[in-house]
There are 2 protein chains.
Amino acid sequence: MAPNVKSDGRTTRWDRHRAERREEFVLAAVRTIDTLGPDASVADIAAEAGVSKPVLYRYFADKGELHAAVGAWAADLVLARVLSAVLAPATARDRVTAGVAAYLDTLAEHPQAFLLLSRPTSGQDPLGPGKDQIAAKLTRLLGDALRHLGGDAGAAEPWAHAVVGLGTSVGQWWLERHTVSRAAAARYLSDFIWHALSGAAAESGVDLSGLDAGDGDVTPIRSEKHR
Amino acid sequence: MAPNVKSDGRTTRWDRHRAERREEFVLAAVRTIDTLGPDASVADIAAEAGVSKPVLYRYFADKGELHAAVGAWAADLVLARVLSAVLAPATARDRVTAGVAAYLDTLAEHPQAFLLLSRPTSGQDPLGPGKDQIAAKLTRLLGDALRHLGGDAGAAEPWAHAVVGLGTSVGQWWLERHTVSRAAAARYLSDFIWHALSGAAAESGVDLSGLDAGDGDVTPIRSEKHR
DNA sequence: TCTTAATGTTACCAGCGGTAATAGTTAGAT
DNA sequence: ATCTAACTATTACCGCTGGTAACATTAAGA
């Protein structure tokens with residue numbers, strides 16, 4: 001039988017190189033889209049990366065996969081920043097407020113690339129992969145919190161999608177219109193999210209202030225590094 | 001000076017005919033997109049309409065305008081149904097619940113065409129026109145209600161965008177996954193929206209149950225026909 | 001009589017996403 | 001030493017899509 005292809009050094013010696021190079025191309029795509037918008041052509045992105053088009057197609061099956069990679073990049077960035085704010089010790093409400101602030105700041109850095117968070121890669125998959133990624137992580141966080149407090153964890157997934165959907169919608173409105181200050185937008189958004197989650201949870205007998213970290217308790221929302 | 005073009009009977013005699021024909025083409029587009037998805041080509045839509053492509057370009061400047069017309073059609077349909085539910089005499093909360101149910105039912109009729117509610121016509125305009133249309137009307141409703149009850153009407157616009165964003169996100173998730181029943185999805189969604197609005201309003205001193213119609217009061221949320 | 005807008009099509013074009021073909025180098029496996 | 005796997009890069013090419021030009025006739029208003 002043929003040897004295991006994956007342990008062949010002629011193949012594996014390129015793994016790290018490929019991953020690093022792919023990341024360079026994603027960053028080039030982010031820069032291009034930040035400049036030209038999400039309709040930037042593959043040729044535009046290739047030019048920014050300093051290669052010809054067929055080189056990009058060695059790393060991405062098609063434009064959809066390239067867009068999905070940009071969306072995933074944006075999701076990773078958002079998650080890192082929002083989670084670091086949400087997981088810092090504070091009252092549950094202050095965590096929501098800090099997460100919202102981190103989200104709006106991150107959005108303002110790459111407004112165009114963030115459109116790909118919620119943009120479908122094609123009509124076949126209506127949920128943008130980046131948005132889906134964020135919703136999946138939020139589902140886990142909310143699910144853990146609700147189970148810890150004795151609530152219905154089945155609500156976690158729809159609520160997570162609600163939070164992600166409203167966040168992208170209000171974020172885009174704010175970027176487009178700038179009719180309110182960043183502080184006001186952050187307040188409107190965090191008030192809405194806090195009351196939605198705490199009120200809906202309280203109705204099923206769950207008190208979200210059980211997640212407060214003010215009194216030194218270890219909360220169920222742990223750093224993801226420990227999972 | 002040249003006569004006012006708009007009062008020339010040779011031009012105006014076609015106005016109604018043009019409007020009716022345009023509507024036929026929008027409906028053909030809705031059918032095509034419901035069948036083939038939002039990536040359906042202009043040629044596909046023209047074939048469904050029984051005309052050649054250049055005929056469609058007499059009514060729509062480009063594909064973006066055709067998509068926007070589909071989004072506007074979807075928004076009109078949603079608004080008609082949701083508003084008729086929301087404006088019926090009931091408690092404020094029951095109105096929210098009825099509006100959500102109407103929304104989900106409408107969504108299930110034309111799942112693919114509804115994707116164009118939230119899909120940008122191009123990278124230049126990140127807000128889909130259909131979604132924007134719904135948010136604008138919701139902004140008016142919420143603004144009227146908040147002013148009537150003595151609250152901060154400035155919150156109406158971001159909250160309206162939040163409601164529309166979460167509605168489309170959870171609606172799409174539900175259509176794609178169907179992991180929960182329609183009744184459960186409706187309950188999660190309406191709980192979330194109700195608590196978000198009532199809780200955030202209460203924090204600024206506004207009691208949304210002042211909008212209840214149970215005791216025969218005339219509410220500020222009047223039928224749009226009377227405006 | 002002239003003008004305006006309608007009716008419809010085929011043929012055509014530029015640009016985009018994506019692919020085939022070309023040739024040489026480096027390092028691991030046999 | 002030889003073979004293999006993946007790398008380096010480009011130009012030329014293709015099908016498809018969105019969009020447009022050109023053509024000819026009819027009905028109604030000015």
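Keep in mind that what you see is a predicted model, and the values were worked out from it rather than measured.
- For A:Ala49, the side chain to side chain contact (heavy atoms under 4.5 Å, CB included) test picks out A:Phe25, A:Ala28, A:Val51, with sequence neighbours left out.
- With sequence neighbours excluded, the residues that form a ring-ring contact (aromatic ring centres under 6.0 Å, His included) with B:Trp174 are B:His178.
- Close to D:dA5, at under 4.0 Å from its OP1 or OP2, lies no side-chain N or O of A:Thr11.
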Quick test: give all pairs of protein nitrogen or oxygen and nucleotides 1-3 of chain C nitrogen or oxygen below 3.5 Å, distance rounded to 0.1 Å.
unit_1 : atom_1 : unit_2  : atom_2 : d
C:dT3  : O2     : B:Arg10 : NH1    : 3.4

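- Here C:dC16 presents its P atom at 18 Å from CG of B:Asp39, a figure rounded to the nearest Å.
- Scanning for side-chain hydrogen bond (donor to acceptor under 3.5 Å, both in side chains) contacts around B:Arg147 gives B:Asp144, with sequence neighbours left out.
- Near DNA chain C, defined here as any heavy-atom distance below 4.0 Å, the residues from residues 16-29 of chain B are B:His17, B:Arg18, B:Arg21, listed numerically.
- When distances run from any side-chain atom of A:Trp14 to the nucleotides C:dA5, D:dC7, D:dG18, the shortest one goes to D:dC7.
- Every pair passing salt bridge (charged side-chain N to carboxylate O under 4.0 Å, His left out) that includes a residue from residues 42-53 of chain A is listed here, sequence neighbours excluded: A:Arg31-A:Glu48.
- Judged as a salt bridge (charged side-chain N to carboxylate O under 4.0 Å, His left out), and not counting sequence neighbours, the contacts of A:Asp105 are A:Arg182.
- Taking atom CG of residue A:Asp44 and atom P of nucleotide C:dG15, one finds them 12 Å apart after rounding to whole Å.
- Listed by chain and number, the residues in a side chain to side chain contact (heavy atoms under 4.5 Å, CB included) with B:Thr139 are B:Ala156, B:Glu157, B:Ala160 (sequence neighbours excluded).
- Within residues 48-63 of chain A, the residues approaching DNA chain C are A:Lys53, A:Pro54, A:Tyr57, A:Asp62, A:Lys63, by heavy-atom distance under 4.0 Å.
- A:Arg10 pairs by the salt bridge (charged side-chain N to carboxylate O under 4.0 Å, His left out) definition with A:Asp8, not counting sequence neighbours.
- Residues satisfying the side chain to side chain contact (heavy atoms under 4.5 Å, CB included) test with B:Thr35, not counting sequence neighbours, are none.
- Under the side chain to side chain contact (heavy atoms under 4.5 Å, CB included) criterion, B:Arg18 pairs with B:Trp14, B:Tyr59, not counting sequence neighbours.
- Ring geometry, A:His110 versus A:Trp73: the interplanar angle exceeds 60°, so the pair is classed perpendicular (tilted spans 30 to 60°).
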